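A short write-up of the structure that comes next.
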Amino acid sequence: MAAPPIKFGIVGCADIARKVSRAITLSPNSTLYAVASRTHEKAAKFAKENGFPDSAKIYGSYEALLDDPEVDAVYLPLPTSLHIKWAVLAAQKKKHLLLEKPVALNVGEFDVILEACESSGVQIMDATMWMHHPRTAKMKEFLLDSSLFGDLKTVHTCFTFAADKNFLETDIRVKPDLDALGALGDVGWYCTRSILWAADFELPKSVVALHGTVYNTSGVILACSASLQWGDGKTATFHCSFLSNLTMDMAVVGTNGTLRFHDFVIPFEENKASFGTAVKSGFTELVTGWDPKPSEHIVTTELPQEALMVSEFSRLVGCVKFEGAEPEKKWPMYSRKTQLVLDAVKASIEKGYQSVEIIE
């Protein structure tokens, strides 16, 4: 007999919560049970517009939702500055936690959240959706094949989008009291996670932010770049920005092969995604072309990556709730290492682009 679906509560009606609400509906082992906002009217409007069942509970405060004993798990898309308060409270109320990125303003805050989750025995996972696309697993197979890829040498990632005037003036991601990490915490999170993913989550030895950081008038980062270095000679770079055309490029280069794709955060299409590989590349005799040529690989999926994320999270919650299993520790480890690198980039910028050593 299949276990009952995991009952989700949505804490906060941010735009991204619309996408995750749909994902909870699409996921076969989860259900939309409750939503909370700072006013009952806003929560009711969100539920009506986002496919909540008529039986869904509507709460006019976050505390009321967290006090509901029927809620198994919460999705928390609140501004980053509020994570430490509400994520800790959710964990103390024994709610499993799907937490928007960045997970905190710094790793010290995230460690407080982790301690609360560990004390209460609840699962925590950040909402980095592309990690759950089947393409990601296929690409990892290529990277782990020593005959095809070899040893990792360098990674380059770029995630930018051209924010409009309204975004740059009003979005929480440009407000120092709400999301003080700005573009570094938003699009830079994805760049950093992708680099760590390619490096099997081996932390770099040091980080150097590159000159040219752009701030708004409130001192929030709108664009920045960084270089990462490992003790064995591996390197990586990333650029993230709210000021350039939509770009989601990633290149992973090894001694034998190269992996490339151009939509690493959000695939061009919901039901399929592609990536390119080149293996032992060379030139034609007269150096007029490549031999062998790179190849393209297409991976299809019945569910979008965000629904697969919810499904995996719900599976882990179910293992804890119904089988007495321990929470899976790899997901908070991924989150913490990503936050550590972001902290180092921020510190490098603030120190005049000096090298910053990463200490786990």
Side-chain angles (χ1 to χ4, degrees), residues 1-37 42-59 65 68 70-78 90 95-101 122-139 189-190 193 248 261 263-275 298-322 327-328 331 334-335:
M1 182 177 175
I6 299 302
K7 296 177 181 177
F8 268 85
I10 308 294
V11 179
C13 300
D15 277 350
I16 189 64
R18 297 167 55 226
K19 183 175 184 177
V20 175
S21 294
R22 174 177 178 260
I24 293 168
T25 300
L26 291 173
S27 169
N29 55 348
S30 60
T31 186
L32 288 169
Y33 176 81
V35 60
S37 186
K42 186 174 181 181
K45 182 175 184 288
F46 183 89
K48 182 179 180 181
E49 293 175 350
N50 289 281
F52 278 64
D54 292 339
S55 59
K57 299 294 182 67
I58 311 297
Y59 291 110
L65 186 149
D68 188 331
E70 291 296 311
V71 173
D72 297 315
V74 296
Y75 168 60
L76 204 156
L78 298 174
K95 310 304 184 190
H96 301 274
L97 186 60
L98 183 60
L99 183 61
E100 257 311 325
K101 32 60 53 190
V122 297
Q123 181 68 55
I124 181 173
M125 177 190 286
D126 70 54
T128 308
M129 299 170 184
W130 73 267
M131 295 284 292
H132 302 270
H133 197 290
R135 172 177 65 175
T136 305
K138 282 293 184 183
M139 294 188 299
W189 174 277
Y190 292 104
R193 172 60 61 84
M248 298 178 179
F261 53 124
D263 55 352
F264 79 92
V265 179
I266 301 171
F268 294 135
E269 298 180 59
E270 190 173 66
N271 61 353
K272 66 179 180 180
S274 66
F275 64 96
I298 297 174
V299 181
T300 60
T301 179
E302 292 185 6
L303 289 175
Q305 60 186 14
E306 59 271 19
L308 294 172
M309 173 188 72
V310 169
S311 181
E312 174 60 9
F313 176 73
S314 298
R315 183 189 71 81
L316 294 173
V317 171
C319 288
V320 175
K321 180 178 173 68
F322 302 118
E328 172 61 68
W331 294 108
Y334 294 164
S335 303

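Remember, predicted model here, so these are calculated numbers, not experimental data.
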Flag the pair [X] and [Y] as a salt bridge only when some basic side-chain nitrogen lies within less than 4.0 angstrom of an acidic carboxylate oxygen.
{"X": "Glu49", "Y": "Arg22", "result": "no"}
{"X": "Asp54", "Y": "Lys48", "result": "no"}
{"X": "Lys7", "Y": "Asp68", "result": "no"}

Partner of Met129 under side chain to side chain contact (heavy atoms under 4.5 Å, CB included), chosen from Val310, Leu308, Val20: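 Testing Met129 for a side chain to side chain contact (heavy atoms under 4.5 Å, CB included) against Val310, Leu308, Val20 leaves exactly one candidate, Val20.
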Would you say the side-chain atoms of [X] pair up with the backbone N or O of [Y], donor to acceptor, closer than 3.5 Å?
{"X": "Lys95", "Y": "Val71", "result": "yes"}
{"X": "Asn271", "Y": "Thr301", "result": "no"}
{"X": "Gln123", "Y": "Glu328", "result": "yes"}
{"X": "Thr300", "Y": "Lys272", "result": "no"}

Pair Thr136-Trp130, side chain to side chain donor-acceptor pair (under 3.5 Å): steps then yes or no: CA-CA 7 Å; Thr136 305; Trp130 73 267; over 6 Å; no
Could you check whether any side-chain heavy atom of [X] comes within less than 4.5 Å of a side-chain heavy atom of [Y], counting everything from C-beta outward?
{"X": "Ser21", "Y": "Phe52", "value": "yes"}
{"X": "Asp126", "Y": "Met131", "value": "no"}
{"X": "Pro5", "Y": "Asn29", "value": "no"}
{"X": "Glu269", "Y": "Pro267", "value": "no"}
{"X": "Lys101", "Y": "Tyr190", "value": "yes"}
{"X": "Phe313", "Y": "Phe8", "value": "yes"}
{"X": "Leu303", "Y": "Pro28", "value": "yes"}
{"X": "Ser274", "Y": "Val299", "value": "no"}

Heavy-atom closest contact ([X] atom, [Y] atom, distance):
{"X": "Asn50", "Y": "Leu32", "answer": "O-CD1, 4.2 Å"}
{"X": "Ala44", "Y": "Ile58", "answer": "N-CG2, 3.5 Å"}
{"X": "Arg135", "Y": "Phe264", "answer": "NH2-CA, 3.8 Å"}
{"X": "Gly12", "Y": "Pro77", "answer": "O-CG, 3.6 Å"}
{"X": "Glu270", "Y": "Pro304", "answer": "CG-CB, 3.5 Å"}
{"X": "Ala47", "Y": "Val35", "answer": "CB-CG1, 4.0 Å"}

Hey, what do you get for [atom1] ([X]) to [atom2] ([Y]), rounding to the nearest 0.5 Å?
{"X": "Trp189", "Y": "Glu100", "atom1": "CH2", "atom2": "CD", "result": "10.0 Å"}
{"X": "Leu65", "Y": "Ser37", "atom1": "CG", "atom2": "OG", "result": "11.0 Å"}
{"X": "Ile24", "Y": "Thr31", "atom1": "CD1", "atom2": "OG1", "result": "9.0 Å"}
{"X": "Ser27", "Y": "Ile6", "atom1": "OG", "atom2": "CD1", "result": "9.5 Å"}
{"X": "Lys321", "Y": "Leu316", "atom1": "NZ", "atom2": "CG", "result": "15.0 Å"}
{"X": "Lys19", "Y": "Tyr75", "atom1": "NZ", "atom2": "OH", "result": "9.5 Å"}

Is it true that Asp72 and Tyr33 share a donor-acceptor pair across their side chains at a distance under 3.5 Å?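 Side chains of Tyr33 and Asp72: no pair found under 3.5 Å.
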Determine, step by step, whether Val320 and Val122 satisfy the side-chain contact (heavy atoms from CB on, under 4.5 Å) criterion, reporting the C-alpha distance in whole Å, the side-chain angles of both residues, the deciding distance to 0.1 Å, and the verdict. CA-CA 8 Å; Val320 175; Val122 297; over 6 Å; no
Between Trp331 and His132, is the gap from one ring center to the other below 6.0 Å?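 Yes, they do, as the ring centres are separated by less than 6.0 Å.
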side-chain contact (heavy atoms from CB on, under 4.5 Å) between Glu302 and Leu26, intermediate numbers included: CA-CA 10 Å; Glu302 292 185 6; Leu26 291 173; over 6 Å; no
Full working for side-chain contact (heavy atoms from CB on, under 4.5 Å) between Val74 and Ile10: CA-CA 6 Å; Val74 296; Ile10 308 294; over 6 Å; no
Intermediate values then yes/no, side-chain contact (heavy atoms from CB on, under 4.5 Å), Tyr334 and Met125: CA-CA 9 Å; Tyr334 294 164; Met125 177 190 286; over 6 Å; no
